[in-house]
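Okay, so here's the structure we're looking at.
Throughout, protein chains are lettered first and strands after them, A, B, ... in sequence-line order, and every chain is numbered starting at 1.
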Amino acid sequence: MAFGKGHHLHLIDGSAFIFRAYHALPPLTRKSDGLPIGAVAGFCNMLQRYVEGNNGSDVTHVAVIFDKGSHTFRNDMYDLYKANREAMPEDLRPQMPLTRRATEAFNIACKELEGYEADDIIATLSCQARAAGGQVTIISSDKDLMQLVGGGVEMLDAMKNRRIDRDGVFEKFGVFPDRVVDVQALAGDSVDNVPGAPGIGIKTAALLINEFGSLEELLDRAEEIKQPKRRQTLIENRDQIELSKKLVQLDCDTPLDFGLDDLEVKDPDPEVLLGFLAEMEFRTLTKRISDALHVEAPAIPEPEVQQGDANAPDAPKIDPEKYECVSDLAALDAWIARAYARGWIAVDTETTGLNEMIADLVGVSLCVEAGEACYIPLTHRGGAAQKEGTEDLFSEKADDSLAPGQIPLEAALAALKPMLEDPSILKIGQNMKYDAKILARYGINLAPIDDTMLMSYAMHAGEHTHGMDTLSERYLSHTPIPIKELIGSGKSQITFDRVPIETAVRYAAEDADVTLRLWQLFKPQLHGAKVTRVYETMERPLVPVLAKMEMAGIKVDRQTLSRMSSAFAQKMAGLEAEIHELAGEKFNVGSPAQLGEILFEKMSLEGGKRGKNGKYSTGADVLEDLATEHDLPRRVLDWRQLSKLKSTYTDALQEHINKDTGRVHTSYSIAGANTGRLASTDPNLQNIPVRSEEGRRIREAFVAEEGKVLVSLDYSQIELRILAHVAGIEALKQAFRDGQDIHAMTASEMFNVPMDEMTPDVRRQAKAINFGVIYGISGFGLARNLRIPRAEAQGFIDRYFERFPGIKTYMDDTIAFAKEHDRVETLFGRVIHTPEINAKGPRSGFAKRAAINAPIQGTAADIIRRAMIRMPAAIAGLEGRAVMLLQVHDELLFEVDEGSVDQLIAIAKEVMEGAAAPVVHLDVPLIVDAGQGRSWAEAH
DNA sequence: GAGTTCACG
DNA sequence: GACGTACGTGAACTCA
């Protein structure tokens with residue numbers, strides 16, 4: 001029967017429950033692994049008391065409603081909405097998903113919607129229920145919900161057990177529910193950062209609304225207000241008041257993918273509920289509920305005293321012989337069912353290659369419990385003739401027919417797709433961007449995910465790399481089967497679809513098994529390392545964003561490149577002949593060793609320094625010095641530039657143009673750079689030439705599709721701004737606020753030159769010092785960069801520190817922190833370990849400079865990550881007319897319909913400039929410059 | 001596979 | 001007093 005008269009809906013404000021539980025209880029942790037669970041315990045207690053209290057009540061429908069995502073449509077109206085809200089406590093964050101699971105364990109509908117607050121969902125459901133003639137009780141004491149009261153809707157403050165009806169609302173606001181938003185719009189709300197009218201509180205607001213009847217009436221007739229100050233405030237702040245009303249007005253048209261009938265009250269399944277409580281190790285609650293349900297309480301083992309080896313002591317040994325080969329749909333369905341029973345599953349895909357844009361899916365492995373994993377072969381080749389051992393593993397004469405014993409690809413994917421896309425099933429993987437991109441090409445949108453590589457990166461950046469083999473050896477003391485044993489290496493390498501299925505099962509299922517074990521180890525460790533927020537807000541959400549960018553690719557014009565290649569080849573041939581002529585003999589210009597011999601032995605030029613392998617150094621700086629005396633070094637420098645441009649760019653980029661898309665698809669590594677920066681590979685699109693005129697022309701080959709333009713947005717001086725903030729240099733901060741030329745200003749301060757008498761050379765020197773500071777300046781380094789004597793460079797640095805003592809303090813404090821903790825942190829809490837900081841000898845010098853640089857470079861990296869993560873939602877309104885393509889550390893490149901360029905620039909600029917908030921409030925502004933054009937050369 | 005060189009921020 | 005040095009990356013090339 002459809003929801004209607006006689007039905008009674010309870011709507012529980014989940015977030016309110018959680019925060020109340022969190023603050024009411026001490027920071028309890030789960031005994032076995034230290035996972036914080038205090039809030040979950042309190043939450044479960046509150047749910048249980050709620051259920052018990054319902055005995056004999058008329059409730060027929062119920063749901064717990066949660067907030068989801070920190071960015072809602074209200075932030076699009078007003079970016080400071082809830083901006084002064086404290087970040088979620090580090091030990092509460094990992095408990096949020098557990099409160100969802102708890103709700104489900106109680107068999108109560110659990111609802112949330114990305115981009116909306118719980119209040120909006122509650123409002124929508126209340127409206128629907130009221131319209132259907134039913135009754136509603138909102139279990140919350142949040143005054144923002146009071147506007148919903150009336151016409152069968154009541155609120156219940158569960159703590160005080162007090163009902164709030166129309167009269168209760170009047171008591172609180174001085175108006176009835178239909179005018180509550182008017183009062184709130186005037187009074188504002190400091191908690192949610194709703195501005196309202198300055199100087200007007202709830203009392204005055206109610207007075208005015210009751211006098212004029214409504215907010216609109218009041219604003220229209222504001223001139224009639226007798227008190228001069230009040231009148232002026234209302235007239236001057238009209239826009240702000242109207243915005244405030246929009247902010248507090250709850251949305252009754254939230255697009256929900258469920259109806260009231262889905263919220264019917266159901267009895268909990270004792271096994272599921274007690275299973276969850278036992279998993280959380282809630283002993284008292286488990287006993288209480290099992291008594292109430294008249295079933296036996298499940299045993300909760302007392303955790304053993306921590307042993308020497310904390311690496312999953314009870315987990316079964318990793319034994320590749322025990323893995324299952326899934327070869328029919330019934331077996332596959334059984335594994336899918338196990339995922340549903342668990343709520344999570346480790347997933348790994350096997351493919352024909354490393355390039356996700358080209359590689360084909362060969363099989364999928366799954367793991368639900370340590371030691372229990374399977375492999376689902378899908379497109380292994382070799383047909384009937386294939387028998388392990390009877391055939392050379394790396395044989396070239398392969399049989400292209402499908403091997404027997406495999407589920408047809410389409411059928412297997414159709415079976416897996418609902419589970420892989422199910423929001424209630426967490427998919428766990430190692431480097432999930434790879435698997436997500438592969439599966440996307442088969443129409444599967446992998447979500448939600450957890451990624452062990454990114455967990456390791458969040459906890460251990462700077463300590464080691466984060467590949468699966470490294471992690472397995474380090475944290476599980478297990479060396480996984482090397483892929484080389486299956487596919488060989490070098491020229492005789494075969495693709496994974498040629499690997500015999502039996503062999504593939506052992507390898508592939510083991511990967512899923514190892515991944516699951518790593519996840520079980522890492523997940524509860526995140527909070528102890530205080531990086532849950534880093535992982536959840538700056539690592540994991542980047543995966544789908546980057547996957548989309550990489551799949552989009554950028555259009556590269558082959559003709560432009562190939563013409564340039566030919567031109568470079570010609571010029572190089574000419575230069576080579578001249579070089580041989582000048583040298584008096586033919587030699588390989590590309591060989592630094594041979595060039596060194598020619599320059600310093602045969603021509604016996606000065607300044608030859610031998611490196612550690614006894615070879616002369618012939619780097620650009622050396623040749624640059626020699627070029628003043630001789631012609632040959634200049635020719636070599638020119639030749640080298642052309643050689644670089646040709647081999648690395650104009651030749652190589654053509655090879656990277658995808659046959660199907662006609663575009664170049666890079667791959668970003670999220671966990672590559674220790675500081676939090678991304679790295680771009682295959683090809684690297686973060687080092688396309690721009691500094692030299694010749695090189696910049698390569699960017700003319702990066703073009704927009706017909707009817708579109710490329711738009712580039714880049715942060716201006718972001719690292720110097722961060723330095724000014726973290727070191728607290730008032731003069732620098734003020735200069736940034738005033739929009740001054742920061743290098744000229746530095747020069748002026750240092751050399752006592754008035755700004756209007758600044759010479760380019762003095763400014764250039766100051767610029768070098770500013771950059772040097774970010775890099776952990778040294779007299780030697782600055783001297784080499786500026787080509788001045790070392791003593792002079794040291795003099796500059798001394799004067800700089802004298803003028804900006806805060807910088808010196810920052811550097812000393814940072815090094816001291818690193819020495820004590822073996823790590824540094826960004827403003828957003830990203831941890832970068834500095835294991836060499838206390839080393840002896842020159843290594844500590846490197847480590848010190850890296851420690852000074854990491855918080856600055858890392859904070860800048862965090863900010864653009866945050867911008868990128870918010871960008872898809874921000875530009876969703878453009879409906880695909882703008883696509884984010886590339887990131888180059890402080891620049892984002894978009895491809896945009898000609899007609900939508902201005903709109904995109906406005907949106908993206910705002911997102912980028914506001915990306916630090918609300919977690920960090922920089923006291924320098926972030927400024928983003930925009931450019932556009934047919935090619936990247938024009939846009940930049 | 002190490003070392004050198006050079007492209008970028 | 002001597003070490004050795006700007007920070008962070010990836011790719012191509014030579015040469016053992």
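Comparing B/dA7 with C/dA2, their C1' atoms sit 34 Å apart, to the nearest whole Å. Separating the P atom of C/dA6 from that of B/dC6 is a span of 14 Å, rounded to the nearest Å.
Comparing A/Pro683 and A/Gly781 by the nucleotide of DNA chain C whose heavy atom lies nearest to each, the residue mapping closer to the 5' end is A/Gly781.
Following rounding to the nearest Å, A/Gln641 (CD) and B/dC6 (C1') show an atom-to-atom distance of 10 Å.
Nucleic acid contact for A/Gly776: none, since no nucleic acid atom lies under 4.0 Å from a heavy atom of the residue. Among the heavy atoms of the strands lying under 4.0 Å from A/Ala768 is at least one base atom, whether or not backbone atoms are also near. Using a 4.0 Å heavy-atom criterion, one finds that A/Phe771 contacts no nucleic acid atom at all. If you check every strand for non-hydrogen atoms under 4.0 Å, A/Thr648 touches sugar and phosphate atoms only.
Looking only at distances, a side-chain donor or acceptor of A/Tyr810 sits under 3.5 Å from a matching main-chain atom of A/Ile852.
Taking every nucleotide of DNA chain C with any atom under 4.0 Å from a non-hydrogen atom of chain A, the first and last of them, 5' to 3', are C/dG4 to C/dC15.
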Item to check | Dot-bracket encoding of pairs in DNA chain B, which uses [ ] for pseudoknotted crossings and | for another strand, Watson-Crick or G-U under 3.5 angstrom | outcome: |||||||||
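Geometrically, A/Arg799 does not engage A/Phe801 in a cation-pi contact defined by less than 6.0 Å to the ring centre and at most 45° from the axis.
In the set B/dC6, B/dC8, B/dT5, B/dC6 carries the atom at the smallest distance from any side-chain atom of A/Ala620.
Salt-bridge formation is detected for the pair A/Glu539/A/Arg830: a Lys NZ or Arg NE/NH1/NH2 atom is positioned less than 4.0 Å from an Asp or Glu carboxylate oxygen.
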